[in-house]
Amino acid sequence: MPYNPRRSNGALRTRLRNRVLSVYDVCALCGGAVDKQLHTPHPYSPEVDEIIPVSLGGSPYEWNNLQLTHRHCNRQKSNKLFYKEKVK
């Protein structure tokens with residue numbers, strides 16, 4: 001089984017995930033509301049995503065590197081950096 005850095009400190013990751021779920025209500029990628037009652041594998045279930053992917057050096061344990069997304073949006077982003085254009 002491949003090494004998953006998100007699970008090397010599962011208790012901390014779980015606390016951070018719960019904090020993200022309690023603080024945010026909107027998908028950071030599409031801007032749509034996230035229904036926290038949905039469960040995986042529903043495409044619009046909530047997921048905690050790393051802004052800078054772990055595969056590109058981002059930390060799965062830094063609060064400033066975490067965001068709430070829909071599962072579908074997170075899958076589309078994959079391990080790429082995503083910059084949302086600001087509306088003027």
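Everything quoted here is computed from the prediction, not taken from an experiment. Index from 1, following the sequence. Just so you know, these numbers use all the heavy atoms, side chains as well, and skip hydrogens, waters and symmetry mates.
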Using residues 31-40 as the side-chain source, report each donor-acceptor pair under 3.5 Å to any protein atom, sequence neighbours left out, with the distance given to one decimal.
{"from": "D35", "atom 1": "OD1", "to": "Q37", "atom 2": "N", "distance (Å)": "2.9"}
{"from": "K36", "atom 1": "NZ", "to": "L21", "atom 2": "O", "distance (Å)": "2.3"}
{"from": "K36", "atom 1": "NZ", "to": "Y24", "atom 2": "O", "distance (Å)": "2.6"}
{"from": "K36", "atom 1": "NZ", "to": "D25", "atom 2": "OD1", "distance (Å)": "2.8"}
{"from": "H39", "atom 1": "NE2", "to": "Q37", "atom 2": "O", "distance (Å)": "3.4"}

- Task: Apply the test side chain to side chain contact (heavy atoms under 4.5 Å, CB included) to residues I51 and E62: give CA-CA distance (whole Å), side-chain angles for both, the deciding distance (0.1 Å), then the verdict.
- Result: CA-CA 10 Å; I51 297 166; E62 292 292 326; over 6 Å; no
- Message: Just so I know, are the side chains of Q67 and V48 near enough to count as touching, which here means a heavy-atom distance under 4.5 Å?
- Response: no
- Side-chain heavy-atom pair L66, D49 within 4.5 angstrom cut-off: no
- Message: Membership question, hydrophobic clusters at under 4.5 Å side-chain separation (ILVMFWY): are L12 and V23 in the same one?
- Response: yes
- If two hydrophobic side chains count as joined below 4.5 Å and joins carry through other members, does L68 share a cluster with Y61? yes
Side-chain donor or acceptor of [X] paired with backbone N/O of [Y] under 3.5 Å:
X	Y	answer
T14	G10	yes
S78	K80	no
H70	H72	no

- Residue set satisfying side chain to side chain donor-acceptor pair (under 3.5 Å) with R71, at least two apart, ordered chain then number -> E47
- Determine whether the side chains of N65 and E50 contain a donor N or O and an acceptor N or O closer than 3.5 Å. no
- For the residue pair N79 and S55, confirm or rule out a side-chain donor-acceptor distance under 3.5 Å. yes
